[in-house]
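Hydrogens, waters and symmetry mates play no part in the numbers below; they use all other heavy atoms, side chains included. Chain identifiers are assigned alphabetically (A, B, ...) following the order of the sequence lines, protein sequences preceding nucleic acid strands; residue numbering begins at 1 within each chain.
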Amino acid sequence: MKTENAFSLNAASSEEHDDINALSDAFSLKAFRYIDIAREARLNTIMTRWPLLREISAAQESER
Amino acid sequence: MPVIALQGLRGGCGATSLSAALGWAFNALQQSVLVIDFSPVNQLAAHFNLSLSHTQGWAPALQEQQAWQQCAQRYQAGLDFLPFGALTPQQRAHITTINSEFAAPLLNALPALKSHYDWIIFDIPADLLPWQQSFVAAADRLLQVLTLDANCQLRLHHARFPAHTLFLINQFNANSQLQQDLHQLWISSLKNLVPQVIHRDEALAEALMMKQPVGEYRPHALASEEINTLANWLLLHVAGGAA
């Protein structure tokens with residue numbers, strides 16, 4: 001029973017986003033949205049900084 | 001009770017030091033622990049102050065058809081370990097090709113060991129030998145130890161992991177841009193990442209030189225406190241669930 005692949009650069013874990021959205025709805029914490037955007041921008045910066053990560057990401061994208 | 005297999009994603013990730021340290025941390029939480037060395041390198045015993053001239057261990061004992069139980073050592077009350085043992089060059093060559101029959105007596109004893117100890121920790125080498133697969137499968141969790149570097153990133157990309165795998169980051173250096181970046185990336189993309197990271201800590205490196213688990217050598221070092229937190233996390237998330 002092997003998991004398909006434990007690691008996925010593309011899995012921007014929608015569950016986590018749902019949790020954030022649920023919290024945001026419950027408490028009207030709009031700040032969560034800004035944190036979210038900041039995190040995605042950070043991930044994009046990381047991907048552009050390191051060619052190895054870009055290549056892994058592109059390989060995973062083409063496997064889809 | 002639960003069996004946890006610790007394995008480095010590659011050699012040098014610190015799985016053996018963490019096995020000894022985690023054994024110590026569980027024991028400090030009033031848990032009885034058995035740590036079993038599965039590596040022909042046979043270094044676990046040195047973390048528990050066993051004399052380097054002591055060559056006995058469960059693997060040579062089984063190869064010579066002797067009782068492996070006689071090789072177990074007691075570090076202190078509730079903290080036992082089973083050295084792999086030092087192999088002769090011939091035994092060493094043999095152990096890489098041997099079939100799983102060889103280790104069957106130890107595997108068959110696992111249910112009895114589980115009922116006797118609160119925790120059993122397997123220290124599994126990064127390069128898995130064929131006969132070791134049944135031990136990894138018998139564990140409740142495989143704790144795959146990672147360091148934040150390109151080598152591990154490449155291995156994560158190519159490897160397939162059993163469904164019961166948890167990932168643990170060790171040797172984290174917060175001053176490194178590369179490590180910060182990979183840490184961010186793994187937090188958002190790696191499934192089953194243990195929330196507690198273990199920082200790179202000189203105390204952990206020195207512990208083996210002192211022949212002690214890090215929690216005993218430097219109880220208040222950052223790594224010791226993080227390993228205590230890890231032990232508590234495992235008590236909550238593994239002892240509560242899988243076992």
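- Of the atoms belonging to B:Leu193, not a single heavy atom falls under 4.5 Å from chain A.
- For residues 109-132 of chain B, the salt bridge (Lys or Arg N to Asp or Glu O under 4.0 Å) pairs, not counting sequence neighbours, are B:Lys114-B:Asp140.
- In this structure, B:Leu129 and B:Pro40 have side chains that are in contact, with non-hydrogen atoms separated by less than 4.5 Å.
- Taking the six-membered ring for Trp and the full ring otherwise, B:Phe38 and B:Phe135 have centroids separated by under 6.0 Å.
- Chain A is approached within less than 4.5 Å, heavy atom to heavy atom, by no residue from residues 105-112 of chain B.
- The pair B:Asp149-B:Arg155 does not count as a salt bridge, with every side-chain nitrogen at least 4.0 angstrom from each carboxylate oxygen.
- For B:Arg200, the side chain to side chain donor-acceptor pair (under 3.5 Å) test picks out B:Glu202, with sequence neighbours left out.
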Without placing hydrogens or testing angles, list every side-chain donor-acceptor pair under 3.5 Å for residues 93-100 of chain B, not counting sequence neighbours.
from	atom 1	to	atom 2	distance (Å)
B:Thr96	OG1	B:Ala93	O	2.9
B:Thr97	OG1	B:His94	O	3.1
B:Asn99	OD1	B:Glu101	N	3.0

